[in-house]
Amino acid sequence: MALGFGVHGANIEDLYDAATRAPGMTAVVAKHEFAAGAMADGTARMTGRPGVVMTTSGGGAMNVVPALAEAYDSRVPVLALIGTAPSTLVGRGAFQDMLAPPDTVDIAGVLSAVTGSCSVVGHADEVPAALATAFATLHRGLPAAVLLPKDVQSAPGPRLRQLHPGEWVQHGIGVSGPTLFAVADELCALAESGARLLIWVGDEASRAEAGRPVEALADALGAVVVAAPGGRDILRDADGFAGVTGVMGHPSAHRAIADADACLVLGCRMTMTDRAGLDEALGRLRLIHLGAEPPRMPGDVDHVRCTDLAAAISRLAGGVRRRLGHDRPREAVSVTHLTVPPGRAGLDMRTAIEEIGRALPPDTPVFADAGNAGAAAIHHLPCGHGRFVVALGMGGMGYAIAAGIGNAIDSVAGEKPKRTVVIAGDGAFFMHGMEIHTAVEHSAPVTLVLLNNNAHAMCISRERLFFPNTPSVNRFQPSDLAGGLASMFDGLVVARASDAASVRGAATELLSQSGPNCLVVDVDPDEIPPFVPLIPKGQS
């Protein structure tokens, strides 16, 4: 079953009509175009197939821009089909005309800045060429936009064949530069010399579901494994896995990098969020990088481009094992956490996240949002529960709510519905929390966990640290989110918790149910999150 996410409107209604009647297609109406784009993005990250978002022109087209920007920065293939005013009325004052710059907004220029390609269709006969350009862009792992005037949408045109899902996949390892054999030889030589080896995984490795190949390669080399936030789901609660790197990461992961002699980077762009505080240590290491995109770190890093990361890692593991003959023991390292000052009152996020983590069934996908909620989930959630998605490209609040709901709806369309868990704060909820209505409409198996501190709490921490003499603008009046959600949506099960025992009980109960539900957890707005720049020196 294919899904198209979006918001209906005058200049996209013909495409919605076609999508509604197309066999095997479900048109999902979201509450906001950013959320629709995030739903398409989230399903693409989870399934490996491009997501589809459909919006009308005007405000609808502008609202989807932040979602496409996230997809562009994180290299997620999302196809945006944007309706525009009828071509016969372009430049003649049509409602929501965006194709006659500089008199109108230049929507093609705007979308070209946040996609890998943007095609403007002037006639029905041009649709196949525009889609061919878009599909080529999606194959490169980038979002693509196609602008379709209303009259073109309803005009007869050439028949388009339906694409098989396998056609989206980039087959072949596609290695350029140093070959995998040369990389394997170098890794073996380092292992035989007694060098301390490290494997650093990122979101591309997560999307490739490369956990088992990574573990096999680590066993063969005797290497310690660390992960950027986006590669967190490859970690395990076991020796040899040292945790998450970066500003929300674990001291054990940073020590592992500092102690290493060489590092094999797998599908990690090595952004500042991934590597904050590590540049000096990384600067003295031998760094080999495998992935579709080069790293975003200056300096001497050998980049080996490959379009099928899981296959490349498997071949590396096989080559190393053939040469070394047996697995090598891995160092007995384990995850250690940051020490943060205690909050002033109420439940701390670490306890809340750990209790939720204990209740997670195996293979449960988790989507984490921005701010304190995201930092706490990245740092404190137990490893090994299932896929973990966090959008750090743009860091947009509310992404996880929409993306997680989109994934849950996609799960319903499959043969075996699987519950999705979203962890977000009240600030994210006030931006895009009404997408819970979309989940209710589709009976989507999603549990929305709202960590409610009645504040933009990470901003409070920044205010206190960097602007101590300025009155806070980030504290809200208390809101009864649980009561409000229960009143708004008949049949939506909502629980509220404020201590460890009630979080544990509510999470266990909600995660065993069908359909959508919510858990609102009261937490402390003055708690400093596990975010290194905000922790007083000497306390981390």
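Please read these numbers as outputs of a predicted model, since none were measured by experiment.
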Determine the minimum heavy-atom distance between [X] and [Y], stating which atoms define it.
{"X": "A242", "Y": "V335", "result": "C-CG2, 3.8 Å"}
{"X": "L79", "Y": "A134", "result": "CD1-CB, 3.8 Å"}
{"X": "C306", "Y": "E204", "result": "O-OE2, 4.1 Å"}
{"X": "P530", "Y": "V340", "result": "CA-CG1, 4.2 Å"}
{"X": "A67", "Y": "A38", "result": "CB-N, 3.8 Å"}
{"X": "V320", "Y": "C188", "result": "CA-SG, 3.7 Å"}

### Task
For R296 and D73, run salt bridge (charged side-chain N to carboxylate O under 4.0 Å, His left out): C-alpha distance rounded to whole Å, both residues' side-chain angles, the deciding distance at 0.1 Å, then the answer.
CA-CA 12 Å; R296 287 171 164 167; D73 198 68; 3.4 Å; yes
### Query
For residues 181-230, which residue pairs qualify under ring-ring contact (aromatic ring centres under 6.0 Å, His included), counting only residues two or more places apart or in two chains?
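Passing the test, one end in residues 181-230: no pairs.
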#### Entry: Side-chain heavy atoms of P529 within contact of L534, under 4.5 Å
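Yes, at least one pair of side-chain atoms sits under 4.5 Å.
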### Query
Taking C-beta and beyond as the side chain, do L290 and H303 meet within less than 4.5 Å on heavy atoms?
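Counting from C-beta outward, L290 and H303 never come under 4.5 Å.
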### Query
For R212, does the CZ atom have more than 12 heavy-atom neighbours from other residues, nucleotides or ligands under 6.0 Å away?
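Check fails, neighbour count at 12 or below.
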### Query
Taking everything shown except R462 itself, do over 12 heavy atoms lie less than 6.0 Å from its CZ?
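At most 12 heavy atoms, drawn from other residues, nucleotides or ligands, come within 6.0 Å of this atom.
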Okay, side chain of [X], backbone of [Y]: is any donor-acceptor separation there less than 3.5 Å?
{"X": "R75", "Y": "Y72", "result": "yes"}
{"X": "E435", "Y": "H32", "result": "yes"}
{"X": "R232", "Y": "I378", "result": "yes"}
{"X": "H254", "Y": "G246", "result": "yes"}
{"X": "T351", "Y": "L347", "result": "no"}
{"X": "R328", "Y": "A191", "result": "yes"}
{"X": "T245", "Y": "A253", "result": "no"}
{"X": "H250", "Y": "H379", "result": "yes"}

[atom1] of [X] to [atom2] of [Y]: how many Å apart, nearest 0.5 Å?
{"X": "I82", "Y": "T115", "atom1": "CD1", "atom2": "OG1", "value": "9.5 Å"}
{"X": "L264", "Y": "L197", "atom1": "CG", "atom2": "CG", "value": "9.0 Å"}
{"X": "L221", "Y": "L316", "atom1": "CG", "atom2": "CG", "value": "8.5 Å"}
{"X": "I460", "Y": "E527", "atom1": "CD1", "atom2": "CD", "value": "12.0 Å"}
{"X": "E293", "Y": "R269", "atom1": "CD", "atom2": "CZ", "value": "5.0 Å"}
{"X": "F34", "Y": "N63", "atom1": "CZ", "atom2": "CG", "value": "10.5 Å"}

### Query
Can L142 and V78 be said to form a side chain to side chain contact (heavy atoms under 4.5 Å, CB included), step by step?
CA-CA 7 Å; L142 292 169; V78 172; over 6 Å; no
Who passes side-chain hydrogen bond (donor to acceptor under 3.5 Å, both in side chains) against [X], sequence neighbours left out?
{"X": "D426", "value": "none"}
{"X": "R286", "value": "E186, D302"}
{"X": "D233", "value": "S206, R387"}
{"X": "E70", "value": "R45, S74"}

Would [X] and [Y] pass as an ion pair if we require N to O under 4.0 Å?
{"X": "D239", "Y": "R330", "result": "no"}
{"X": "R323", "Y": "D185", "result": "yes"}
{"X": "R464", "Y": "D526", "result": "yes"}

Side-chain donor-acceptor pairs under 3.5 Å in residues 356-373, sequence neighbours left out?
{"residue": "R358", "atom": "NH1", "partner": "E355", "partner atom": "OE2", "Å": "3.3"}
{"residue": "T364", "atom": "OG1", "partner": "P361", "partner atom": "O", "Å": "2.6"}
{"residue": "D369", "atom": "OD1", "partner": "G398", "partner atom": "N", "Å": "3.1"}
{"residue": "D369", "atom": "OD1", "partner": "Y399", "partner atom": "N", "Å": "3.3"}
{"residue": "D369", "atom": "OD1", "partner": "A400", "partner atom": "N", "Å": "2.9"}
{"residue": "D369", "atom": "OD2", "partner": "G398", "partner atom": "N", "Å": "3.0"}
{"residue": "N372", "atom": "OD1", "partner": "M458", "partner atom": "N", "Å": "3.3"}

### Exercise: do E33 and T55 side chains pair donor with acceptor under 3.5 Å
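Checked: E33/T55 side chains show no N/O donor-acceptor pair below 3.5 Å.
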### Query
Taking atom types as modelled, is there a side-chain donor on T43 or D410 under 3.5 Å from an acceptor on the other?
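No, D410 and T43 have no side-chain donor paired with an acceptor closer than 3.5 Å.
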### Task
Evaluate the criterion salt bridge (charged side-chain N to carboxylate O under 4.0 Å, His left out) for residue pair R255 and D259; output intermediate values, then yes/no.
CA-CA 6 Å; R255 283 196 300 271; D259 291 343; over 6 Å; no
